[in-house]
Protein chains: 2
Amino acid sequence: MARTGLDTDMVIHRAAQMVNEVGLENITLKMLADDLGVKSPSLYNHIGGLEDLKMQLMIYGWKKMEQRIIQSVIGISGYDAIRAGCHAFYEYATENPGLFNAMLWYNKFLNTETMEATSGLFSVLFKVTSSLNISEENCNHIIRTLRGFLEGFSLLVNNEAFGNPISIAESFELSLNVLIEGIKTLEEKIEE
Amino acid sequence: MARTGLDTDMVIHRAAQMVNEVGLENITLKMLADDLGVKSPSLYNHIGGLEDLKMQLMIYGWKKMEQRIIQSVIGISGYDAIRAGCHAFYEYATENPGLFNAMLWYNKFLNTETMEATSGLFSVLFKVTSSLNISEENCNHIIRTLRGFLEGFSLLVNNEAFGNPISIAESFELSLNVLIEGIKTLEEKIEE
DNA sequence: TGACAAAAACTAATTGTATTAGTTATAATG
DNA sequence: CATTATAACTAATACAATTAGTTTTTGTCA
């Protein structure tokens, strides 16, 4: 009866915490409503339903990660910036496993809004790679390479899917080295 | 009443087709039961429930992919074999989007059986990389690199998550070039 | 062959969640 | 102070997963 004073941002924000605690597949509107001190139908005043909530979590997560990555590359350029951005991605993804699942599963082509969820983030990476002597088209390819690797590797870590006992941190570092050395071979020679 | 003559393999096999048609998140036991000409509780004679079914789909998918990859590297060695194996992975993943989702989401560390789902597949890759002049430990790291990239890139393709209009096939080829050139820098010099 | 046991189907019932419809109370606005 | 929009509520619906208990078939063994 007493008005709780919820708004959409509060719901999303609380759901983002909760999804990291219980996992994307286990979150329910009832659970979220209980936590917010409200009955579950009341949530429909702020979100469109469970699917909509997960979609919004996806967008929320990518925006947050974008901020982290922008912070991480301030004052750095070239391969060091790539390295720093990749580390920021990996850290955010593994610190927020539930949210990261939403980011992966719901990042589908559906409409302009969902499509733009990641565009800001990867335009940051584009700016970074553009400072290298690599053609624009190849920069776009490289971003896809990095994106694929970062998303897949982070998912595997979150799922504890690496059976081997060898260090995951070292695997990540070596992977970045491999990728960066590979990218260097795409640099165009400059006439002297 | 009349016995349909189902067994676990038939259920899994049919579910594998269905999951590619309707998507992992939309498959229901009722739908599967209807399709198999049976009531949904009857499925419990063959599977442990919906979660168990998805787990079994995960294992089924990895085994099938393993076979495809083994076929693809027959008679090839070195970097050509890596290339061929990666192509086989990518093709299987994109030809079976629903099943591949199960392979990603349910490939978590839970018990020995789920852990071993992918061990055969990656021991094939290990044999391939072992023929290079690279330390065993680095081979293990490289496999993780490839695994991360392949899983992430395939997922992005299946989700149509690449906004850019540039060719995805070219992105994949360039990515493999980047990875292989990067891996080459790990080769240990041989005394002459 | 014929009784018996195991397996595989069934029906009925339970539970839990999302979602919708319709109602009431609060807050904001003129 | 009256009115209106909003945000909560209760009640009801629909659907799927799952469990319990029953029936029927199939295969086996004396």
Side-chain angles (χ1 to χ4, degrees), chain A residues 1-60 98-99 101-102 105-106 108 110-111 114, chain B residues 1-60 98-99 101-102 105-106 108 110-111 114:
Chain A
M1 225 200 275
R3 226 172 245 221
T4 319
L6 282 187
D7 62 22
T8 306
D9 281 351
M10 287 168 67
V11 174
I12 304 294
H13 193 263
R14 189 68 195 96
Q17 296 176 253
M18 187 169 291
V19 82
N20 283 330
E21 291 161 14
V22 304
L24 182 64
E25 58 284 354
N26 298 318
I27 199 170
T28 66
L29 290 186
K30 175 159 174 29
M31 185 189 300
L32 181 57
D34 284 352
D35 187 90
L36 291 165
V38 128
K39 304 289 176 181
S40 61
S42 305
L43 294 178
Y44 286 79
N45 289 312
H46 308 291
I47 57 173
L50 185 58
E51 283 295 287
D52 175 61
L53 174 69
K54 291 178 176 178
M55 199 70 77
Q56 297 211 46
L57 284 176
M58 179 275 283
I59 294 169
Y60 172 90
L99 191 55
N101 271 349
W105 289 123
Y106 288 86
K108 305 182 186 191
L110 287 174
N111 52 51
T114 64
Chain B
M1 225 199 276
R3 225 172 247 224
T4 320
L6 282 188
D7 63 22
T8 306
D9 281 350
M10 289 169 67
V11 174
I12 304 293
H13 193 263
R14 189 71 195 94
Q17 297 176 251
M18 187 168 291
V19 82
N20 283 329
E21 290 160 15
V22 305
L24 182 64
E25 60 284 356
N26 298 317
I27 201 171
T28 65
L29 290 185
K30 174 159 174 26
M31 184 189 301
L32 181 59
D34 284 352
D35 187 89
L36 291 165
V38 128
K39 305 290 176 182
S40 61
S42 305
L43 293 178
Y44 287 79
N45 288 313
H46 309 291
I47 58 174
L50 185 58
E51 283 296 288
D52 175 62
L53 174 69
K54 291 178 176 177
M55 199 70 78
Q56 297 210 46
L57 284 176
M58 178 277 281
I59 293 169
Y60 173 90
L99 191 56
N101 270 349
W105 290 120
Y106 288 85
K108 306 181 185 191
L110 287 173
N111 51 53
T114 65

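Proteins come first, then strands; the chains are lettered A, B, ... in the order of their sequence lines, and each starts at number 1.
Between A/D34 atom CG and A/M18 atom CE the span is 8.5 Å, to the nearest 0.5 Å. Rounded to the nearest 0.5 angstrom, A/L99 CG and A/N20 CG are separated by 5.5 Å. With rounding to the nearest 0.5 angstrom, the OG1 atom of A/T8 is 7.0 Å from the CD1 atom of A/I12.
Nucleotide C/dT20 holds its C1' atom 14 Å from the CG atom of A/L43, rounded to whole Å. Separating the CD1 atom of B/I47 from the P atom of C/dA7 is a distance of 18 Å, rounded to the nearest angstrom. Going from atom CG of A/L6 over to atom P of C/dT26 covers 16 Å, rounded to whole Å. In this structure, A/K54 places its NZ atom 12 Å from C1' of C/dT17, rounding to the nearest Å. Atom NZ of B/K39 is separated from atom P of C/dT11 by 5 Å (rounded to the nearest Å). Between A/D34 atom CG and C/dT17 atom C1' there is a gap of 12 Å when expressed in whole angstrom units. Counting to the nearest Å, the C1' atom of C/dA18 and the CE atom of A/M31 are 14 Å from each other. Summarising the geometry, the separation between CG on A/D7 and P on D/dA7 is reported as 9 Å, rounded to the nearest angstrom.
Checking C/dC10, D/dA17, C/dA21 against every side-chain atom of B/S42, the shortest atom distance belongs to C/dC10. Nearest nucleotide to the side chain of A/L29, out of D/dT18, C/dT19, C/dT17: C/dT19. For A/L50, taking side-chain heavy atoms from C-beta onward, the closest of the listed nucleotides C/dC10, D/dT10, C/dA18 is C/dA18. Nearest nucleotide to the B/T28 side chain, out of D/dA8, D/dA17, D/dT18: D/dA17. Among D/dA8, D/dA16, D/dA11, the nucleotide with an atom closest to any side-chain atom of A/P41 is D/dA11.
For A/N45 against D/dA8, a side-chain-to-base donor-acceptor contact under 3.5 Å is present.
Considering only side-chain N and O atoms, B/H46 lies nowhere under 4.0 angstrom from the phosphate OP1 or OP2 of C/dA7. Within the 4.0 Å cut-off from OP1 or OP2 of C/dT19, at least one side-chain nitrogen or oxygen of A/Y44 is found.
The backbone N or O of B/M55 lies less than 3.5 Å from no partner atom in the side chain of B/D52, so there is not a single donor-acceptor pair.
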| request: Using the side chain to side chain donor-acceptor pair (under 3.5 Å) rule, take A/Y106 and A/E51 through it: C-alpha gap first, then chi angles, then the decisive distance, then the call. | output: CA-CA 9 Å; A/Y106 288 86; A/E51 283 295 287; 3.3 Å; yes
